[in-house]
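All remarks here apply to the structure that follows.
This is a predicted model, so every value here is computed, not measured.
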Amino acid sequence: TAMFKNCEKLSSVTLTNKTTTIPNNTFEGCSGLKSFTISEQITIIEEQAFKSSGLTSITIPITVTEIKSEAFSNCKGLETLTYPAKQITVNPNIFTDCISLNTLNIYSAGEFTTIPDYEENKQPWNAVKHRLSTITIDDNVKTIGKNSFNGCKNLTTIDLKKVETIGEYAFASSGLTTIEIKEKVTTIKTEAFARCESLETIKYPVSVTNGSPDTFKDSNNIHTLTIY
């Protein structure tokens, strides 16, 4: 399965429509592999499939259902992850030691418009959440699930676009300094923005009809609130 392991000069790979799984260690150590298109036939990415490769960005297609342990670990040049708003079975160490990964783009597709609920420290990007400084979500994402960006200490701002529901602890202990809750939002769940120690400014709409009383619990540096 480690067919191309340490093939350092490998720089271009094309997958046929018959390929549905990227096996263990297939491209491990392929330092010349800077880009790779995971085709929409792929459903499983196995252990250490791209470990220590030269990838600089990666898009996980909507068809993927499982990403196994350390699939992209130690990709030192990986900067950008594009990830679907859907439930994928993942190991939270898939991006371990990706020291440059600072940008996360979440996209929707068809019926998939929900960033799912995660247990604390079990998000797909858990290993790099403290590095993420830019997170974008597209216009069709409706729900940000439980713990989605909990602990993203480098995240100072985010555009909630057309989000309607913000789940429990979604941005808890993040580095947000300001937040504008858009008028599309109707539900904010328990401690969604709790313990955001750098949060100073909030813009909050009257459209929130189902808000938790502890939404901003222990975010003790808030000094400006605009209700609109």
Side-chain angles (χ1 to χ4, degrees), residues 79-83 85-87 90 92-93 95-96 98-108 113-228:
E79 298 178 351
T80 303
L81 167 64
T82 301
Y83 199 91
K86 64 165 284 191
Q87 185 71 58
V90 298
N93 69 1
F95 296 104
T96 296
C98 292
I99 60 174
S100 301
L101 184 47
N102 57 25
T103 299
L104 171 63
N105 303 315
I106 305 287
Y107 71 95
S108 59
T113 61
T114 296
I115 304 171
D117 292 340
Y118 296 109
E119 294 303 311
E120 189 172 4
N121 301 322
K122 299 294 185 183
Q123 310 96 323
W125 40 86
N126 178 66
V128 296
K129 65 186 180 184
H130 60 292
R131 302 183 190 279
L132 294 174
S133 57
T134 302
I135 297 175
T136 64
I137 55 178
D138 78 19
D139 285 345
N140 293 316
V141 172
K142 303 301 183 189
T143 300
I144 298 175
K146 179 181 177 181
N147 285 313
S148 290
F149 307 118
N150 187 345
C152 292
K153 294 292 189 182
N154 264 353
L155 182 68
T156 60
T157 186
I158 190 166
D159 186 345
L160 294 175
K161 302 285 182 67
K162 297 181 180 178
V163 167
E164 298 171 359
T165 299
I166 302 172
E168 295 95 329
Y169 320 111
F171 294 94
S173 302
S174 70
L176 290 173
T177 60
T178 181
I179 188 68
E180 179 181 352
I181 310 296
K182 300 293 182 72
E183 290 181 280
K184 288 280 187 181
V185 175
T186 58
T187 300
I188 304 177
K189 297 186 178 180
T190 301
E191 297 189 25
F193 298 93
R195 295 172 296 284
C196 292
E197 296 176 358
S198 299
L199 185 59
E200 298 180 349
T201 304
I202 301 169
K203 191 172 181 181
Y204 195 92
V206 295
S207 61
V208 178
T209 55
N210 187 18
S212 169
D214 55 4
T215 295
F216 298 99
K217 181 180 179 180
D218 295 329
S219 294
N220 294 324
N221 288 308
I222 297 169
H223 59 69
T224 302
L225 169 64
T226 302
I227 297 177
Y228 71 102

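- Ser207 contributes a side-chain N or O that, together with a main-chain N or O of Val185, makes up a donor-acceptor pair within less than 3.5 Å.
- Between the side chain of Thr226 and the main chain of Lys203, no donor-acceptor pair closer than 3.5 Å is present.
- For Ser108, the side chain to side chain donor-acceptor pair (under 3.5 Å) partners are Asp138, not counting sequence neighbours.
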*Could you give me the CA-CA distance, side-chain angles and deciding distance for Ile222 and Ile202, then say whether side chain to side chain contact (heavy atoms under 4.5 Å, CB included) is met?*
CA-CA 8 Å; Ile222 297 169; Ile202 301 169; 3.4 Å; yes
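- Atom CD of Glu79 sits about 11.0 Å away from atom OG1 of Thr134, to the nearest 0.5 Å.
- Residues Ile106 and Ile115 have side chains in contact (heavy-atom distance under 4.5 Å, counting atoms from C-beta outward).
- By the 4.5 Å heavy-atom criterion applied to side chains, Glu180 and Tyr228 are counted as neighbours.
- In this structure, the side chains of Phe171 and Ile166 come closer than 4.5 Å at one or more pairs of heavy atoms.
- Checking side-chain atoms of Trp125 against main-chain N and O of Ser148 turns up a donor-acceptor pair under 3.5 Å.
- Ring orientation note: the planes of Phe216 and Phe193 are close to parallel, at an angle under 30° on the 30°/60° scale.
- Within the 4.5 Å cutoff, the side chain of Tyr169 has heavy atoms near those of the Lys146 side chain.
- Asn150 and Ser173 make their closest contact through OD1-CB, 3.9 Å (heavy atoms, listed as atom of the first residue, atom of the second, distance).
- To the nearest 0.5 Å, atom NZ of residue Lys142 and atom CD1 of residue Ile137 are 10.5 Å apart.
- Every residue was checked against the side chain to side chain donor-acceptor pair (under 3.5 Å) condition with Asp117, not counting sequence neighbours, and none meets it.
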*Walk me through it: do Thr177 and Leu199 pass the test side chain to side chain contact (heavy atoms under 4.5 Å, CB included)?*
CA-CA 4 Å; Thr177 60; Leu199 185 59; 5.8 Å; no
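- Put simply, NZ on Lys189 and CG on Asp214 are 13.5 Å apart, with the number rounded to the nearest 0.5 Å.
- Between the CD1 atom in Ile181 and the CD1 atom in Ile179 there is a gap of 5.0 Å [rounded to 0.5 Å].
- Taking every heavy atom of both residues into account, Val163 and Thr165 meet most closely at CG1-O, 3.4 Å.
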*asked:* side chain to side chain contact (heavy atoms under 4.5 Å, CB included) for Thr113 and Val141? Distances and angles first, verdict last.
replied: CA-CA 4 Å; Thr113 61; Val141 172; 5.7 Å; no
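- Side-chain atoms of Thr103 and Leu81, non-hydrogen and from C-beta on, never get closer than 4.5 Å to each other.
- The two residues Leu155 and Ser133 make their nearest non-hydrogen contact at CD1-O, 3.9 Å.
- Here the CG-CG distance, from Asn126 to Asn93, works out to 9.0 Å after rounding to the nearest 0.5 Å.
- In terms of heavy atoms, Gly211 sits closest to Tyr204 at CA-OH, 4.4 Å.
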_side chain to side chain contact (heavy atoms under 4.5 Å, CB included), that's the test. Do Phe149 and Leu132 meet it? Break it down for me._
CA-CA 9 Å; Phe149 307 118; Leu132 294 174; 5.7 Å; no
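- Within the 3.5 Å criterion, the main-chain N or O of Asn147 finds a donor-acceptor partner in the side chain of Gln123.
- Defined by atom type and a distance below 3.5 Å, a donor-acceptor pair is present between the side-chain atoms of Asn105 and Thr136.
- Side-chain atoms of Thr114 do not come within 3.5 Å of backbone N or O of Pro116 as any donor-acceptor pair.
- With a 4.5 Å cut-off on side-chain heavy atoms, Lys122 and Glu120 do not count as touching.
- Side chain of Asn221 to main chain of Glu197: a donor-acceptor pair is present (N/O by atom type, distance under 3.5 Å, no hydrogens or angles).
- Between Glu164 and Lys184 there is no salt bridge, since none of the side-chain N atoms of the basic residue sits less than 4.0 Å from a carboxylate O of the acidic one.
- In this structure, Leu176 and Ile158 have side chains that are in contact, with non-hydrogen atoms separated by less than 4.5 Å.
- Side chains of Lys161 and Asn140: a donor-acceptor N/O pair is absent below 3.5 angstrom, by distance only.
- Among all heavy-atom pairs drawn from Arg131 and Leu101, the shortest one is CB-O, 3.4 Å.
- Considering all non-hydrogen atoms of both residues, Ser219 and Cys196 come closest at OG-N, 3.0 Å.
- The side-chain heavy atoms of Ile188 and Val208, taken from C-beta on, include a pair separated by under 4.5 Å.
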